[in-house]
Amino acid sequence: MDMEFDRMIAELFQEEAAARDMARKLIEIGEQRPEDAAGERASLVAFLKGAMERHMAFEETVIFPKLGRRGFDDEVEVALSHHGAVRDLCAKLEGLADDHADLASTIAKTGRLLLQHTNFESDYLYPELTHEEWRELMEETIH
């Protein structure tokens with residue numbers, strides 16, 4: 001069973017790495033010619049509302065409450081505020097008119113926020129637990 005928990009931990013961290021990679025891509029896209037950046041809007045919104053939303057929802061419903069019970073309320077609060085800001089920027093991206101410069105700027109801003117968020121979780125929040133504590137946390141998720 002430990003192998004199953006190790007797989008769950010690895011998947012969570014892989015999702016963080018994928019979000020970090022996407023953040024860098026968003027920044028690059030936002031810094032392209034505004035017309036080119038605008039052409040990426042639909043796929044970016046799909047990522048934010050799909051894979052990123054599922055990841056954030058899992059953290060919010062499963063991981064963060066358990067971290068909160070372990071005394072990481074302040075860190076969880078910061079992470080939750082990042083999630084809210086990502087959702088707000090996604091909604092803004094969806095609703096923006098075809099003002100290419102504003103779209104490009106919002107895409108880059110979203111990328112910078114995602115990078116800040118994934119770095120925060122990877123550098124400050126997730127390392128607070130040992131591997132064994134992560135296993136215990138993952139075991140709690142299935143009981």
Side-chain angles (χ1 to χ4, degrees), residues 4-143:
E4 177 66 15
F5 300 134
D6 286 343
R7 183 191 59 75
M8 292 170 71
I9 295 166
E11 285 177 3
L12 179 68
F13 292 161
Q14 286 170 355
E15 289 174 2
E16 287 295 324
R20 190 175 300 108
D21 290 343
M22 178 55 86
R24 288 184 183 108
K25 180 180 176 186
L26 288 169
I27 293 168
E28 287 176 21
I29 289 169
E31 293 173 349
Q32 293 175 3
R33 289 182 334 125
E35 298 79 19
D36 295 339
E40 298 288 333
R41 175 180 24 193
S43 64
L44 299 175
V45 169
F47 167 77
L48 293 170
K49 292 182 85 169
M52 193 67 207
E53 181 58 39
R54 285 188 299 278
H55 177 78
M56 292 188 303
F58 177 74
E59 287 179 328
E60 292 168 1
T61 59
V62 177
I63 302 296
F64 291 170
K66 291 169 182 24
L67 289 172
R69 287 193 291 278
R70 286 175 166 79
F72 299 104
D73 291 324
D74 292 341
E75 292 86 348
V76 166
E77 187 175 317
V78 170
L80 287 171
S81 72
H82 291 166
H83 286 190
V86 168
R87 289 181 177 114
D88 290 346
L89 284 168
C90 180
K92 181 177 179 181
L93 275 176
E94 270 189 305
L96 280 174
D98 286 334
D99 175 346
H100 298 295
D102 198 16
L103 279 169
S105 171
T106 303
I107 289 169
K109 184 176 182 177
T110 303
R112 287 189 295 275
L113 175 62
L114 274 178
L115 190 58
Q116 175 188 4
H117 174 66
T118 56
N119 287 341
F120 171 77
E121 286 184 344
S122 296
D123 295 343
Y124 296 102
L125 186 58
Y126 287 172
E128 293 295 328
L129 299 180
T130 65
H131 188 74
E132 188 56 38
E133 288 171 319
W134 272 108
R135 277 188 179 165
E136 291 170 10
L137 189 144
M138 290 301 173
E139 184 175 5
E140 289 174 21
T141 67
I142 60 170
H143 294 299

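This is a predicted model, so every value here is computed, not measured.
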Any donor-acceptor pair under 3.5 Å linking the side chain of Thr118 with the backbone of Leu115?
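Indeed, once roles are kept as given, a pair shorter than 3.5 Å links the two residues.
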Kindly say whether Leu129 contributes a backbone atom to a donor-acceptor pair with the side chain of Arg70 at under 3.5 angstrom?
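Judged by distance alone, no pair lies under 3.5 Å.
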Do [Y] and [X] meet the salt-bridge criterion of a basic N to acidic O distance under 4.0 Å?
{"X": "Arg7", "Y": "Glu11", "value": "yes"}
{"X": "Lys49", "Y": "Glu94", "value": "yes"}
{"X": "Lys25", "Y": "Glu28", "value": "no"}

Might you point out which heavy atoms bring [X] and [Y] nearest each other, and give the distance in Å?
{"X": "Met52", "Y": "Ala19", "value": "SD-CB, 3.9 Å"}
{"X": "Ala57", "Y": "Arg87", "value": "N-NH2, 4.2 Å"}
{"X": "Pro34", "Y": "Ala104", "value": "CA-CB, 4.0 Å"}
{"X": "Ile107", "Y": "Gly30", "value": "CG2-N, 3.9 Å"}
{"X": "Ala79", "Y": "Phe120", "value": "N-CE2, 4.0 Å"}
{"X": "Gly111", "Y": "Ala23", "value": "O-CB, 3.3 Å"}

Does atom NZ of Lys66 have more than 12 heavy-atom neighbours from other groups under 6.0 Å away?
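Yes.
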OH of Tyr124: more than 12 outside heavy atoms within 6.0 angstrom?
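Check fails, neighbour count at 12 or below.
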Please lay out, stage by stage, how Leu26 and Lys109 fare under the test side chain to side chain contact (heavy atoms under 4.5 Å, CB included).
CA-CA 8 Å; Leu26 288 169; Lys109 184 176 182 177; over 6 Å; no
Residues forming a ring-ring contact (aromatic ring centres under 6.0 Å, His included) with Phe58, sequence neighbours excluded
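Expected list: none.
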[atom1] of [X] to [atom2] of [Y]: how many Å apart, nearest 0.5 Å?
{"X": "Met56", "Y": "Glu53", "atom1": "CE", "atom2": "CD", "result": "4.5 Å"}
{"X": "Leu103", "Y": "Glu35", "atom1": "CG", "atom2": "CD", "result": "10.5 Å"}
{"X": "Glu75", "Y": "Leu80", "atom1": "CD", "atom2": "CG", "result": "11.5 Å"}
{"X": "Leu96", "Y": "Asp102", "atom1": "CG", "atom2": "CG", "result": "5.0 Å"}
{"X": "Gln14", "Y": "His55", "atom1": "CD", "atom2": "NE2", "result": "11.5 Å"}
{"X": "Phe47", "Y": "Met22", "atom1": "CZ", "atom2": "CE", "result": "4.5 Å"}

Working note: Leu44 + Thr110, criterion side chain to side chain contact (heavy atoms under 4.5 Å, CB included); need CA distance, chi angles, decisive distance, verdict.
CA-CA 10 Å; Leu44 299 175; Thr110 303; over 6 Å; no
Where do Gln116 and Arg112 land on the side chain to side chain contact (heavy atoms under 4.5 Å, CB included) test, with the steps shown first?
CA-CA 6 Å; Gln116 175 188 4; Arg112 287 189 295 275; over 6 Å; no
Go through Leu48 and Leu114 one step at a time and tell me if the side chain to side chain contact (heavy atoms under 4.5 Å, CB included) criterion holds.
CA-CA 10 Å; Leu48 293 170; Leu114 274 178; 4.0 Å; yes
I'd like to check Ile63 versus Trp134 (side-chain heavy atoms, cut-off strictly below 4.5 Å). Are they in contact?
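Side-chain contact under 4.5 Å: yes.
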With Glu31, which residues qualify under side-chain contact (heavy atoms from CB on, under 4.5 Å), at least two apart?
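In terms of side-chain contact (heavy atoms from CB on, under 4.5 Å), with neighbours along the sequence ignored, Glu31 is linked to Ile27.
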For Glu59 and His83, test the side chains for any donor-to-acceptor distance below 3.5 angstrom and give the result as yes or no.
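On atom types as modelled, these side chains qualify, holding a pair under 3.5 Å.
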Mind checking whether Tyr126 and Phe13 have parallel, tilted or perpendicular rings, split at 30° and 60°?
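Because their plane-to-plane angle lies in the 30° to 60° range, the rings of Tyr126 and Phe13 count as tilted.
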